[in-house]
Asks: 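Below you will find the structure I want to go over with you.
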Protein chains: 2
Amino acid sequence: MSGAGRPKNYDKDKVLYAATNLFWEKGYESTSLEDLMRVMDLGKGSFYNSFGSKRDLFIECVRYYDSKAIDHIADLLANSERPIEEIKNIFRRCAESNKTAHFLGCFAGNIITELATIDPELTNLAKAHLKKLEALFLYHIKNAQRTGDIQISENPVFLARFLLNLWNGINITRRIYPNKKELINMIELHLTILK
Amino acid sequence: MSGAGRPKNYDKDKVLYAATNLFWEKGYESTSLEDLMRVMDLGKGSFYNSFGSKRDLFIECVRYYDSKAIDHIADLLANSERPIEEIKNIFRRCAESNKTAHFLGCFAGNIITELATIDPELTNLAKAHLKKLEALFLYHIKNAQRTGDIQISENPVFLARFLLNLWNGINITRRIYPNKKELINMIELHLTILK
DNA sequence: TTAATTATGTACCATTTGGTATATATTTTA
DNA sequence: TAAAATATATACCAAATGGTACATAATTAA
């Protein structure tokens, strides 16, 4: 099935997941190869044979995260009877995160902030992710305006970007105020626009 | 005037300014001592004699930036006849930044994002800065509600945090859409709340 | 059963990192 | 003018960095 040669001794999905979580926690530069090899449980030989370089692995991790996260949210919204309410609940659940999740923030937002002036290619991967998120918002806002689920007649492009900015803002604000009490009212105030 | 000993050969304000700009551009970890010594035009001897360590210098830079930036905005608002309009204009001017400013973003937001899970002490300096910014918003929102300059009766604490989140969101959104056209409508949509 | 193929473990490496030690230079104070 | 005090320049350093070379192990195809 998988051709000749010694078989891989690890589960690709598992090591990618582990690496992604580490990059998420520490950022790109502050994650060392030693760290990566430890959490992936891989030796140097396997690491470089399989992933080429730290940078290549990072790219794979971002793509891995991108597809998983976007698929998840797309499914959530596609299977909801009131997608706008589901979008609102996604933001509300942000406020209810535990401390760890608050301090981790959004993987894509973190990458953009760390690498904006340092590595445009890596930054673009993260930008593309957030643009997909915005596109999901836009799609469901347009639908809701058409079906009458929301009454606001504002340009849906602006509304989607408004939500993207709420998302991005929370990524920083949640580190300053890592608890529901301090976040939820600010978030609800944003959501009053979507009606 | 300044006691015995060989006098310093550099302007403290200038080297601090140069170091701050470099940290702003590259972040904490990605800024090397070599980089710092170059932009500060200092040798190793002077560097360590005067600033102790890279980390100590960073702390000085954040404090330096914090006081300058907060003083500037506080003055702007204190000297305005309609502080709420001035706040709105601050956000509008964000949208009008040049590409460089868009990619640099907010120094404090960048620090929080890079160091949230890595260095709580450094992160706290940046958090304190953004809390001061929020406090300025709050002060002038309360005033405007009292004088009738704005009519909205929403809890001013929530309104101030709403603006803080707009600020934080722009820090990331501006990297994705680094131009006025793509930012201004989203920003204006936020500002419609403040009336 | 042997050759081809792929994975793994290990020893090694050049570069860069933040930092120290120390000799020397320049100033003020006594 | 000598001593004390501070600044600067330079040589040096240990540790960590990402990465390579290569021998060996494990599998399949011929």
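Throughout, a chain's letter reflects where its sequence line sits, starting with A, and its residues are numbered from 1.
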Asks: Take the angle between the ring planes of Phe58(B) and Phe23(B) and call it parallel below 30°, perpendicular above 60°, tilted in between.
Replies: perpendicular
Asks: Could you give the distance from SG (Cys106(A)) to CG (Leu133(A)), rounded to the nearest 0.5 Å?
Replies: 8.0 Å
Asks: Output the residues of residues 44-54 of chain B in contact with DNA chain C, where contact means a heavy atom of the residue under 4.0 Å from an atom of the strand; sort by number or write none.
Replies: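 When residues 44-54 of chain B is checked for heavy atoms under 4.0 Å from DNA chain C, the hits, listed by number, are Lys44(B), Tyr48(B), Ser53(B), Lys54(B).
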Asks: What I want to find out is whether Glu134(A) reaches Lys127(A) closely enough, with some N-O distance under 4.0 Å, to be called a salt bridge.
Replies: no
Asks: Could Asp35(B) and Arg38(B) be called an ion pair, given the rule that one side-chain N must be under 4.0 Å from one carboxylate O?
Replies: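 Salt bridge flag = yes for Arg38(B) with Asp35(B).
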Asks: Less than 6.0 Å separating the ring centroids of Tyr177(B) and His102(B)?
Replies: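 Between His102(B) and Tyr177(B), which both carry aromatic rings, the centre distance is not below 6.0 Å.
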Asks: Want to settle it: does Arg55(B) or Arg6(B) sit nearer the 5' end of DNA chain C, counting the closest nucleotide to each?
Replies: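 Here Arg55(B) is the residue nearer the 5' end.
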Asks: Answer whether the closest heavy-atom distance between the side chains of Asn171(B) and Asn168(A) falls below 4.5 Å.
Replies: no
Asks: With ring centroids as reference points, do His129(B) and Tyr65(B) lie under 6.0 angstrom apart?
Replies: yes
Asks: For DNA chain D, find the residues of residues 23-34 of chain B with a heavy-atom distance under 4.0 Å and give them by number; none if there aren't any.
Replies: none
Asks: Roughly how many Å is it from NZ in Lys8(B) to P in dT8(D), rounded to a whole number?
Replies: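 About 7 Å, once rounded to whole Å.
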Asks: Does Lys26(B) come within less than 4.0 Å of Glu29(A), counting only side-chain N to carboxylate O?
Replies: no
Asks: Assuming nearest nucleotide by heavy-atom distance, tell me which of Tyr10(A) and Asp35(B) is located more 5' along DNA chain C.
Replies: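 That would be Tyr10(A).
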Asks: Just the rounded figure in Å: distance from P of dG19(D) to CG of Leu36(A).
Replies: 11 Å
Asks: Rounding to a whole Å, what distance do you find between Leu42(B):CG and dT6(D):P?
Replies: 19 Å
